Structures are given as C-alpha cells and as structure tokens.
Amino acid sequence: MGMLGNFLWFILGGLLSGLGWVGAGCLWCITIVGIPVGLQCFKLAEISFFPFGKEVIYQGGAVSFLINILWFVFSGLPLALANFCMGCLLCISIIGIPFGKQFFKIAKLALAPFGAVVVRY
C-alpha cells in the first residue's frame, strides 16, 4: 500500500507540496545564517514528496524552539495553510481521506519542523 499510496500522492499533489518545501529551502539558503534552516527544508521535502510509511516524532530543545519561532513567522504559516487547505479539499470525498490526512500531517510539520524526526514504520 505504501508504494501505491506514494505514487498516487506524488501525482495528485505531493509534487506541489514538495516543491513548496524546496522553494522555501532555496530562499533560506540565500543567506549564510539561513543555510541550516534551508537544509532542514530539503530534508523535509522528502516526506512531503513521499509521506506514506513515514511518521514524524517531535522532540527538541530551546534552540529548536527559537528557530521554530523564526520559521513560523517567515515560512511556516504559508506552507501550513497551503497543506491544510489541500487536506480539507481532499477530505471532501471518501477516497481522498487518506491523502487529506497526509496533508494534515505535513501541515503540522510545517508549523514547527525543527526538532522533528522523520522515521519509517
């Protein structure tokens, strides 16, 4: 199911969601200070391209909290809103509910990505 789900996901919206993360990463990498943030965006683009079979575990400390505040203000809110809206649209139909749940998972990740670890299950 994971491979089929990831294939359908990539075609039906995962490409746009992942490109949003890649775009945010490119913008953050323009400055030297933003390079660590941009690299994290590139790592999280992978889950946005292929989310089935992966889970997000949230952990972190004070540094992650401070970077998450900057992230939320400059990049997190637009990415989270876009993913949330896509999730709502997909949850209209019964067939789209599993895909909508993945968009909600990515929207939550977009709000606070630092200190989050992506694991396969």
Side-chain angles (χ1 to χ4, degrees):
M1 174 61 189
M3 189 184 323
L4 177 63
N6 281 328
F7 177 73
L8 291 173
W9 169 268
F10 188 78
I11 293 171
L12 299 174
L15 178 63
L16 291 174
S17 178
L19 288 177
W21 281 98
V22 170
C26 289
L27 288 175
W28 277 99
C29 283
I30 290 173
T31 65
I32 293 173
V33 176
I35 290 175
V37 179
L39 293 176
Q40 182 73 3
C41 290
F42 296 139
K43 290 178 192 173
L44 296 175
E46 180 187 355
I47 190 173
S48 191
F49 282 130
F50 305 107
F52 288 94
K54 296 176 185 165
E55 185 178 339
V56 179
I57 299 173
Y58 294 94
Q59 53 190 2
V63 176
S64 296
F65 177 73
L66 293 174
I67 295 174
N68 277 330
I69 291 173
L70 289 173
W71 168 261
F72 180 80
V73 171
F74 293 111
S75 298
L77 195 56
L79 281 172
L81 286 175
N83 284 301
F84 179 77
C85 290
M86 286 296 294
C88 289
L89 285 174
L90 285 170
C91 284
I92 291 173
S93 69
I94 292 175
I95 295 171
I97 290 175
F99 297 102
K101 287 173 64 176
Q102 297 302 319
F103 269 116
F104 294 143
K105 176 171 66 174
I106 295 169
K108 181 180 174 186
L109 182 64
L111 290 176
F114 300 96
V117 178
V118 179
V119 294
R120 294 179 188 267
Y121 61 87

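Every heavy atom of this structure was used, including side-chain atoms; hydrogens, water molecules and symmetry mates were not. Everything quoted here is computed from the prediction, not taken from an experiment.
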What distance do Asn83 atom CG and Gln102 atom CD have between them, rounded to the nearest 0.5 Å?
11.0 Å
Could you tell me whether the side chain of Lys105 and the main chain of Pro51 form a donor-acceptor pair under 3.5 Å?
yes
Aromatic ring pairing Trp71/Trp21, orientation class (parallel under 30°, perpendicular over 60°, tilted between):
parallel
According to side-chain hydrogen bond (donor to acceptor under 3.5 Å, both in side chains), who are the partners of Ser75, at least two apart in sequence or on a separate chain?
Trp28
Does atom CZ of Phe7 have more than 12 heavy-atom neighbours from other groups under 6.0 Å away?
no
Answer yes if Phe72 and Phe104 sit in the same cluster of Ile, Leu, Val, Met, Phe, Trp and Tyr residues linked by side chain heavy atoms under 4.5 Å apart, and no otherwise.
no
Starting at CZ of Phe50, measure out to CE of Met3 and round the result to the nearest 0.5 Å.
11.0 Å
Test of understanding: clusters of I, L, V, M, F, W, Y form through side-chain heavy atoms closer than 4.5 Å, transitively. Do Phe42 and Leu15 belong to the same one?
yes
Measure the CZ-CD1 distance between Phe49 and Ile106 for me, rounded to the nearest 0.5 Å.
10.5 Å
Phe84 atom CZ, neighbour heavy-atom count above 12 within 6.0 Å
no
Applying the 4.5 Å side-chain criterion to the ILVMFWY set and letting contacts propagate, would Phe52 and Met86 be lumped into a single cluster?
yes
Quick check: closest heavy atoms across Ala45 and Val22, and the distance to 0.1 Å?
CB-CG2, 3.9 Å
Non-hydrogen side-chain atoms of Val56 and Val117 separated by less than 4.5 Å
no
For residues Gly38 and Cys29, report the shortest heavy-atom separation together with the two atoms involved.
CA-SG, 3.7 Å
Give the C-alpha distance, both sets of side-chain angles, the deciding distance and a yes or no for side chain to side chain contact (heavy atoms under 4.5 Å, CB included) between Val73 and Leu70.
CA-CA 5 Å; Val73 171; Leu70 289 173; over 6 Å; no
If I compare all heavy atoms of Gly18 with all of Ser48, which pair ends up nearest, and what's the gap?
N-OG, 3.3 Å
Which pairs of donor and acceptor atoms, one on a side chain in residues 90-99, lie under 3.5 Å apart (sequence neighbours left out)?
| from | atom 1 | to | atom 2 | distance (Å) |
| --- | --- | --- | --- | --- |
| Ser93 | OG | Gly96 | N | 3.2 |

Could you grab the distance from atom CZ of Phe114 to atom CG of Leu109, nearest 0.5 Å is fine?
9.5 Å
With hydrophobic residues grouped by side-chain heavy-atom distances under 4.5 Å, do Ile67 and Leu44 end up in a single group?
yes
Distance check, rounded to the nearest 0.5 Å: Leu79 atom CG versus Phe74 atom CZ?
14.5 Å
Nearest heavy atoms of Ala110 and Ala80, plus distance in Å
CB-N, 3.7 Å
More than 12 non-hydrogen atoms from neighbouring residues, nucleotides or ligands closer than 6.0 Å to CD1 on Ile57, yes or no?
yes
If Ile, Leu, Val, Met, Phe, Trp and Tyr residues are connected whenever their side-chain heavy atoms lie under 4.5 Å apart, and connections chain through other members, are Leu89 and Phe10 in the same group?
no
How would you list, by chain and number, every residue that makes a salt bridge (Lys or Arg N to Asp or Glu O under 4.0 Å) with Glu46, sequence neighbours excluded?
Lys54, Arg120
